[in-house]
Peer 1: 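My structure is below; once you've seen it, I'll send some questions.
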Amino acid sequence: MNGKSSSRNLETRSLLDELRSFDKGGFFDLGHPLLNRIVESFLKAAAIGAIQAVSREAYFTAIEGSGIDSSGGDITGAKKHRIPHLQGQNNRKSIEALVKNTGKESLQWGLAAGMYSGFTYGLREARGAHDWKNSAIAGALTGMAVALTSEDASHEQVVQSAITGAAISTAANLLTGIF
């Protein structure tokens, strides 16, 4: 009877119950904590990347439309960070460029978060400890991967990204609990 009761309870869970359980373990149960962690990190960071890409484009469009020079110099310096083919117009090509760039940035942010999360989990399981060393290794590997996704990845850029990733990750680990 307990088996029937528990299976019936699972079938009648509402969406609200599912959302409440998010704080207890997340949206996904893919059968392994590593997979759950990677997917959740990927999706959260991808959403942040999409918001960042759209917000940045909205900012540059507003600045151009108002004629304000926020860079302290020529606005053309800010244009090179913009989405190619997006001209601030309401046409199909501009929308397609915005969607394509937003998707690319979402993928990059999600890749970085998913990889970092997976590496830290794997290293913690392999070494039996979660410390700054795991953070440094995971940050370096993630930095390298992110650098390799850029269009013009050079050896120097990959090494610099690995060092930066390791430094930021280690600092975040060491500063956890201080503030």
Peer 1: Donor-acceptor pair, distance only, cut-off 3.5 Å: does the side chain of Ser106 make one with the backbone of Ala46?
Peer 2: yes

Peer 1: Rounded to the nearest 0.5 Å, how far apart are CG of Asp131 and CD1 of Ile137?
Peer 2: 8.5 Å

Peer 1: Hey, does the side chain of Asn101 reach the backbone of Ala53 with a donor-acceptor pair shorter than 3.5 angstrom?
Peer 2: no

Peer 1: Who else is in the cluster with Trp109 when I, L, V, M, F, W and Y are joined by side-chain contacts under 4.5 Å?
Peer 2: Ile48

Peer 1: How long is the straight-line distance from CD of Glu125 back to OG1 of Thr120, given to the nearest 0.5 Å?
Peer 2: 10.5 Å

Peer 1: Is there a path of hydrophobic side-chain contacts, each under 4.5 Å between heavy atoms of I, L, V, M, F, W or Y residues, that connects Phe119 with Val146?
Peer 2: no

Peer 1: Do Glu57 and Thr102 make a side-chain contact, defined as non-hydrogen atoms from C-beta onward lying under 4.5 Å apart?
Peer 2: no

Peer 1: Indicate the atoms forming the closest heavy-atom contact of Ser169 with Ala136, along with that distance.
Peer 2: OG-N, 4.3 Å

Peer 1: Would you please name every residue forming a salt bridge (Lys or Arg N to Asp or Glu O under 4.0 Å) with Lys104, sequence neighbours left out?
Peer 2: Glu151

Peer 1: Rounded to the nearest 0.5 Å, what's the gap from OG on Ser117 to CD on Glu40? Could you check?
Peer 2: 9.0 Å

Peer 1: Looking only at heavy atoms, which two atoms of Leu107 and Phe42 are closest? And how far apart?
Peer 2: CD1-CZ, 3.8 Å

Peer 1: Show your working on side chain to side chain contact (heavy atoms under 4.5 Å, CB included) between Asn134 and Arg127 and close with a plain yes or no.
Peer 2: CA-CA 9 Å; Asn134 291 357; Arg127 294 185 62 237; 2.5 Å; yes

Peer 1: Shortest non-hydrogen contact from Gly143 to Ser161?
Peer 2: O-CB, 3.2 Å

Peer 1: How many angstroms lie between CD in Gln108 and CD in Gln52, if you round to the nearest 0.5 Å?
Peer 2: 10.0 Å

Peer 1: Without swapping roles, check the side chain of Ser150 against the backbone of Ala147 for a donor-acceptor pair under 3.5 Å.
Peer 2: yes

Peer 1: Could you state the interatomic distance from OG1 (Thr149) to CD (Glu105), rounded to the nearest 0.5 Å?
Peer 2: 10.5 Å

Peer 1: Is it possible for you to say whether Val39 and Leu111 belong to one hydrophobic cluster, with membership spreading through side-chain heavy-atom contacts below 4.5 Å?
Peer 2: no

Peer 1: Begin from the C-alpha positions of Tyr116 and Ser41 and carry the test side chain to side chain donor-acceptor pair (under 3.5 Å) through to its verdict.
Peer 2: CA-CA 9 Å; Tyr116 179 79; Ser41 297; over 6 Å; no

Peer 1: How far apart are the closest heavy atoms of Ile51 and Ser55, and which atoms are they?
Peer 2: O-OG, 2.7 Å

Peer 1: How long is the span from the OG atom in Ser135 to the CD1 atom in Ile168, to the nearest 0.5 Å?
Peer 2: 12.5 Å

Peer 1: Who are the side-chain hydrogen bond (donor to acceptor under 3.5 Å, both in side chains) partners of Arg124, not counting sequence neighbours?
Peer 2: none

Peer 1: Treat each ILVMFWY residue as a node, draw an edge where side-chain heavy atoms are under 4.5 Å apart, and state whether Ile38 and Tyr121 are in one component.
Peer 2: yes

